[in-house]
Undergrad: 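If you scroll down you'll find the structure; I have some questions about it.
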Amino acid sequence: EVTYNVLIHGLCERSRMEEAFELFSKMDGDDCTPTVRTYTILISALCGEGRTEEAFSLVDKMREKGCLPNVHTYTVLIDGLCKESRLEEAESILKEISVKGLVPSVITYNALIDGYCKKGKVDSAFSIMQMMESNGCQPNTRTYNELICGFCKATKAHRAMGLLNKMLENGITPNLITYNSLIDGMCKEGHIDNAFRMIDLMDSNGLVADVWTYSTLIDALCKDGRMEEAYSLFNSLGGRGIKANEVIYTALIDAECKAGHIGIACSLLEKMVSVGCEPNFCTYNAVLDGLSKESKMQDALSVMNEMEEKGVQADVITNTILISGMLKKGLIVDAKMIWDQMVSSGCKPDVFTYTTFIRAYCNIGKLDDAEKLITEMHKEGVHPDTVTYNTLIGGCTKMGLIDQAFHFLKCMMDAKCKPD
RNA sequence: GUGCAACCUAAUGGUGCA
């Protein structure tokens with residue numbers, strides 16, 4: 001039975017699910033009974049592939065066979081639900097654990113806390129931490145890191161700092177991730193210089209800034225237009241024993257593109273390749289956006305070919321960038337072609353892609369087509385957001401169709417979308 | 001004494017703005 005579990009685990013790790021289930025079904029014939037562990041391995045793998053419903057039916061199946069889920073099993077389920085943004089269900093499983101007389105572990109709580117943080121619901125995450133403390137479960141470094149990151153993403157770096165102090169008081173050791181999150185939070189709130197001071201604080205705690213730290217700082221300098229400082233920090237990396245990675249190059253390339261310096265961006269792209277740093281899809285997307293905004297669609301298409309030759313998969317963002325570029329030149333047919341290619345390659349358009357098209361239809365006065373897209377979005381389960389409605393409303397007002405504009409405002413409210 | 005759980009941090013795309 002142990003042998004089976006090890007093998008099944010190995011197959012699942014390589015996402016060879018079919019084979020894993022085949023082995024699983026052979027167990028009985030071999031006089032082996034699957035245990036909670038066997039089921040948990042499979043349930044975890046199913047959740048990891050987004051097959052949550054199958055995971056739940058496996059849970060039912062194990063119960064039928066008289067095998068009860070343990071804390072590990074429940075934790076896997078909570079994690080899976082969180083990854084699908086099904087937070088209420090995740091929290092109800094946490095309750096179920098206690099009802100069944102089991103005790104949730106730190107990992108169980110952390111899974112839920114991370115889920116809430118990733119959804120921007122930091123306050124709910126925070127109350128889970130309070131709940132775990134009152135249940136006698138001590139938050140660990142990871143718990144604090146998730147919350148600190150959550151507060152930073154919610155532009156509440158002050159609350160994050162408060163948590164840093166709390167963890168120090170409680171004797172929980174911050175690590176690089178803790179500080180890197182804080183540095184990012186401070187940068188995003190415009191306090192770049194304070195962020196640099198955090199490096200000293202790290203030093204005094206025996207932590208040495210890493211690539212993540214520097215990429216955060218370099219990106220912040222870039223976005224603030226402080227390119228000279230960004231480059232001098234970039235050039236200092238070698239002396240610190242750090243090798244610039246694709247994230248750092250992408251930050252620089254993006255900034256150069258946005259400043260209209262496509263030539264510099266392209267030479268950075270060449271440079272990174274020559275020093276053995278492989279561009280990834282973000283890098284290419286940054287370049288493509290630069291070219292696209294300058295209406296250099298020919299160049300953009302050849303960069304996209306290069307991307308594919310290198311085996312870098314184009315994603316929704318890549319396609320949206322190209323579609324947007326085509327539409328800005330009025331090339332609706334080409335834009336539609338890219339759309340179709342994207343869909344047939346199994347990549348689904350998202351809110352951004354739809355909104356891009358809606359804007360184009362508004363600009364040429366085809367409000368009915370724009371409205372059709374909204375209907376299609378609902379059908380596809382892609383929810384129009386504030387920007388989508390703003391685009392539509394803006395299109396109406398430009399054409400003097402004030403009543404139409406109010407009509408869409410009403411649609412917006414009906415869809416429980418907040419006007420800004 | 002061997003097998004199950006949270007991959008916690010950085011870079012890329014859509015509207016409008018005097």
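Letters go in sequence order (proteins before strands), and every chain restarts at 1.
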Undergrad: Rounded to whole Å, please give me the gap between CG in A:Asp114 and C1' in B:U9.
TA: 11 Å
Undergrad: How would you summarise protein contacts on nucleotides 10-15 of chain B per nucleotide, using B for base, S for sugar-phosphate only and - for none, with heavy-atom distances below 4.0 Å?
TA: BBBBBB
Undergrad: Does any donor atom in the side chain of A:Ser124 or A:Ser127 lie under 3.5 Å from an acceptor atom in the other side chain?
TA: no
Undergrad: Considering every strand and a 4.0 Å limit on heavy-atom distances, what is the contact class for A:Ser105: base, sugar-phosphate, or nothing?
TA: base
Undergrad: Using side chain to side chain donor-acceptor pair (under 3.5 Å) as the criterion, list what pairs up with A:Thr320, not counting sequence neighbours.
TA: A:Thr353
Undergrad: What is the distance, rounded to the nearest whole Å, between atom CG of A:Leu58 and atom C1' of B:C4?
TA: 13 Å
Undergrad: Closer than 4.0 angstrom, basic N to acidic O: yes or no for A:Lys100 and A:Glu96?
TA: yes
Undergrad: Any Lys/Arg nitrogen of A:Glu278 or A:Lys310 sitting under 4.0 Å from an Asp/Glu carboxylate oxygen of the other?
TA: yes
Undergrad: Could you tell me how far apart A:His9 (NE2) and B:U2 (C1') are, to the nearest whole angstrom?
TA: 14 Å
Undergrad: Take the angle between the ring planes of A:Tyr361 and A:Phe357 and call it parallel below 30°, perpendicular above 60°, tilted in between.
TA: tilted
Undergrad: Taking only Watson-Crick and G-U wobble pairs with both distances under 3.5 Å, what dot-bracket line describes RNA chain B, where [ ] shows pairs that cross earlier ones and | shows pairs with another strand?
TA: ..................
Undergrad: Measure from CG on A:Leu81 to C1' on B:A6 and round the result to the nearest Å.
TA: 14 Å
Undergrad: Determine whether the aromatic ring centres of residues A:Tyr39 and A:Phe24 are separated by less than 6.0 angstrom.
TA: yes
Undergrad: Using atom CD1 of A:Ile358 as one end and atom C1' of B:G16 as the other, report the distance to the nearest whole Å.
TA: 15 Å
Undergrad: Counting only side-chain nitrogens and oxygens, does A:Arg142 get under 4.0 Å of the OP1 or OP2 atom of B:C8?
TA: yes
Undergrad: What is the distance from atom NE2 of A:His261 to atom CD1 of A:Ile253, rounded to the nearest 0.5 Å?
TA: 14.5 Å
Undergrad: Without decimals, in angstroms, what is the distance between A:Met167 CE and B:C8 P?
TA: 15 Å
Undergrad: How many whole angstroms separate atom CD1 of A:Ile113 from atom C1' of B:A5?
TA: 15 Å
Undergrad: Once rounded to the nearest 0.5 Å, what's the spacing between atom CG of A:Asn205 and atom OH of A:Tyr179?
TA: 4.0 Å
Undergrad: Does A:Lys118 place a side-chain N or O at less than 4.0 Å from the phosphate oxygens OP1/OP2 of B:A6?
TA: no
Undergrad: Is it true that A:Asp254 and A:Lys258 have a side-chain N and a carboxylate O under 4.0 angstrom from each other?
TA: yes
Undergrad: Just the rounded figure in Å: distance from P of B:A6 to CD of A:Glu146.
TA: 11 Å
